[in-house]
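Positions are given from 1 along the sequence.
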Amino acid sequence: MAFAAVLLAVTGGDHQAAVKPPAQQSGPLLPDPQRLGPAPGTSVSTYVAAAGDRMAALDSLSSSQRLEAVVDFTGYISPLAIDELLATTPGIDVLRGYARVPPPANARIHVLITSTESDLPTALGAAHDAASAIATHYAHVLNESVAHPSTQLQEELQAGAAQAAEARVDAAGLGTDCGCVFALVVSGPVAQLQQLAAAAAVRLVDPAPSTVSLEALMVVPLEPQEKSTVTALEFAGD
């Protein structure tokens with residue numbers, strides 16, 4: 001059995017069609033029309049300042065205009081804490097979540113797609129269950145290789161070792177109520193996005209132009225521990 005995990009979908013940024021800047025901008029301009037978030041290797045302070053400028057530009061828009069935005073938190077928080085935070089900003093809908101077992105664990109990022117059937121706890125539970133299945137299968141193969149050594153089993157163990165190690169971390173650290181969500185993609189009125197940006201748990205809110213669909217954007221969240229230079233993200237399933 002292959003060890004490749006069928007986990008949650010990851011943003012397909014590198015495969016998205018190019019987005020042309022609109023003739024009339026009805027939201028903040030992005031430096032890269034495909035990217036909502038920082039590029040690897042850039043300065044964190046430069047990106048935070050640019051996101052702040054884009055938020056300031058919202059003052060020229062109607063307070064009721066809906067925009068999509070990436071919300072980066074100051075730390076890793078639970079879905080319950082997110083519910084409590086968003087209770088103060090009615091009208092904001094969560095479209096995606098970004099979660100990982102917090103450092104110092106060497107864990108990959110899971111993209112949690114929300115819908116009417118799957119909220120953040122449900123998606124986190126599914127990621128935990130998938131990781132547990134991989135870890136359990138690897139342990140079974142390992143036991144089989146001890147009891148009945150074979151070249152085939154040894155090759156399977158070698159091929160799946162790295163993924164099994166990642167799965168053990170996720171199986172131990174992920175769960176429906178874990179403090180492991182560090183960013184969201186949301187949709188909401190300008191006034192509520194501005195209010196959300198002022199919350200103590202929020203590091204920044206970076207709004208997207210209203211004329212660019214979420215599907216055409218490569219959303220890049222900023223991890224809480226990133227303070228100096230942005231490093232490339234590693235997603236589960238890559």
Check: R100 and E234 side chains under 4.5 Å, non-hydrogen atoms: no
Closest approach of T74 and P224, non-hydrogen atoms and distance? O-CB, 3.5 Å
Check whether T42 reaches the backbone of P38 with its side chain - one donor and one acceptor, N or O, closer than 3.5 Å. no
Heavy atoms, side chains only, cut-off 4.5 Å: are T88 and Q195 in contact? yes
Any side-chain donor paired with an acceptor under 3.5 Å for S145 and Q154? no
For residues Y76 and Q225, is any side-chain donor paired with an opposing acceptor at under 3.5 Å? yes
Pairwise distance CD(Q192) to CG(L86) - rounded to 0.5 angstrom: 11.0 Å
Evaluate V141 against L153 for side-chain contact (heavy atoms from CB on, under 4.5 Å), listing each step before the verdict. CA-CA 7 Å; V141 175; L153 288 176; 3.9 Å; yes
Between A183 and P221, what is the shortest heavy-atom contact and its length? CB-CB, 3.5 Å
Return yes if a side-chain donor-acceptor contact under 3.5 Å exists between D72 and Y98, otherwise no. no
Would L124 and V181 count as a side-chain contact (heavy atoms from CB on, under 4.5 Å) here? Give the steps. CA-CA 9 Å; L124 282 167; V181 181; 4.1 Å; yes
Side-chain touch V219/R35, heavy atoms, less than 4.5 angstrom: no
Distance check, rounded to the nearest 0.5 Å: K227 atom NZ versus S45 atom OG? 12.0 Å
Quick one: pull up CD in Q34 and CG in L217 and give me the separation to the nearest 0.5 Å. 8.5 Å
Can any side-chain N or O of R96 pair as donor or acceptor with the backbone N or O of T114 at less than 3.5 Å? no
With rounding to the nearest 0.5 Å, note down the distance linking CG in L204 to CG in L222. 6.5 Å
Can T122 and D119 be counted as having a side-chain donor-acceptor contact under 3.5 angstrom? yes
Using 0.5 Å steps for rounding, measure from the CZ atom of R168 to the OG atom of S132. 12.0 Å
M55 side chain reached by P207 side chain, heavy atoms, under 4.5 Å: yes
For residues L67 and L61, determine if any side-chain heavy atom of one lies less than 4.5 Å from a side-chain heavy atom of the other. yes
Give every residue pair that meets the disulfide (SG to SG under 2.5 Å) criterion with at least one member in residues 123-198, sequence neighbours excluded. C178-C180
F73/F182 aromatic ring centres below 6.0 Å: no
I want to check something: taking the side chain as every heavy atom from C-beta on, are L184 and I82 in contact at a cut-off of under 4.5 Å? yes
We want to know whether N106 and E166 form a side-chain donor-acceptor pair, criterion being a heavy-atom distance below 3.5 angstrom. no
What's the verdict on side-chain contact (heavy atoms from CB on, under 4.5 Å) for S210 and R66, showing C-alpha distance, side-chain angles and the deciding distance? CA-CA 7 Å; S210 63; R66 292 188 70 87; over 6 Å; no
Shortest non-hydrogen pair, D170 vs V101, comes out as OD1-CG2, 3.7 Å
Can you check whether V185 reaches V71 side chain to side chain, under 4.5 Å on heavy atoms? no
Side-chain donor or acceptor of S78 paired with backbone N/O of A81 under 3.5 Å: yes
With side-chain contact (heavy atoms from CB on, under 4.5 Å) as the criterion, how do L142 and L157 come out once you've worked through the C-alpha distance, each side chain's angles and the decisive distance to 0.1 Å? CA-CA 7 Å; L142 182 60; L157 287 172; 4.0 Å; yes
Answer whether the closest heavy-atom distance between the side chains of V212 and L36 falls below 4.5 Å. no
Smallest heavy-atom separation, S60 atom then A57 atom, equals OG-O, 2.8 Å
Got a second to check how far L196's CG is from I92's CD1, nearest 0.5 Å? 4.5 Å
Looking only at non-hydrogen atoms, find the nearest pair between A236 and R108 and report the distance. N-CB, 3.6 Å
If you take all heavy atoms of V169 and A107, which pair is closest and at what distance? CG1-CB, 4.0 Å
Using modelled atom types only, decide if a donor and an acceptor are shared between the side chain of H128 and the backbone of A171 within a distance under 3.5 Å. yes
Quick check on the hydrophobic clustering: are V94 and L80 connected, directly or via other members, by side-chain heavy-atom contacts under 4.5 Å? no
